Each structure stands twice: as C-alpha cells, then as structure tokens.
Amino acid sequence: MDITNLLAGFFGDFPWWILICLAPFATGGIAILVKHQQRMAEIVHGMRGQGSNQEMAGMQDQINQLRQQVAQLTLALDEVKRLPATSEVRQRITEVES
C-alpha cells in the first residue's frame with residue numbers, strides 16, 4: 001500500500017491546493033473581522049460610559065433639588081411653629097415630626 005494511494009483515497013479528488021493557496025487570505029479576513037469586533041466593542045463600551053455619566057449628573061441634580069425642597073420645608077415648618085396656633089395645629093405638627 002502506497003502512501004500516495006492512501007492520501008488519494010482519504011482526500012478523494014478534491015483540489016486541496018486551492019484551500020492551501022486561499023488559507024492566508026482566510027486568515028487575514030478573520031483577523032480583520034476580529035479587529036472590527038474589538039472596535040465595535042470599544043465604541044459600545046464608550047457609549048455606556050457616557051450614558052452612565054449623564055445618568056449620574058441627572059441623579060445629582062435630583063438630589064440637589066430634593067435637598068433644596070427639604071431645606072425650604074424645614075424653614076417653613078419652623079415659621080409655622082413660631083406662629084400662635086391652636087392646640088389642634090400643634091398636635092398635628094408634633095405628629096408629623098415624630
């Protein structure tokens with residue numbers, strides 16, 4: 001049994017030399033595809049980072065607004081306490097505070 005006959009029986013009549021010649025181009029194509037996927041991942045990752053920064057800025061604005069509202073309500077409550085009031089109003093105020 002000759003090795004040439006064995007290889008010919010295994011590979012058949014398929015022209016493998018075509019695949020051998022095209023292998024470098026296929027490898028280059030895969031490299032280009034991988035590089036493209038890396039760049040797209042970097043773009044998507046960068047956009048997420050910017051989006052989270054915008055979300056953080058929005059949250060910070062909301063926190064600042066809430067702080068201002070709490071300060072205003074605290075001042076208003078202090079002024080209400082200073083006003084002469086009936087016992088019913090004082091009772092409501094102490095209920096709200098506790």
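Fair warning: this is a prediction, and the values are worked out from it, not measured in the lab.
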Transitive ILVMFWY cluster of Ile30, excluding itself - 4.5 Å side-chain cut-off: Val34
In Å, rounded to the nearest 0.5 Å, how long is the span from CD of Gln68 to CG of Leu73? 12.0 Å
Would you give the length of the straight line joining atom CZ of Arg67 to atom CD of Gln65, rounded to the nearest 0.5 angstrom? 12.0 Å
How many angstroms lie between CG in Leu75 and CD in Gln72, if you round to the nearest 0.5 Å? 8.0 Å
Separation of Gln38 CD from Leu33 CG (nearest 0.5 Å): 10.5 Å
When rounded to the nearest 0.5 Å, the distance separating CD of Glu42 from CZ of Arg39 is 8.5 Å
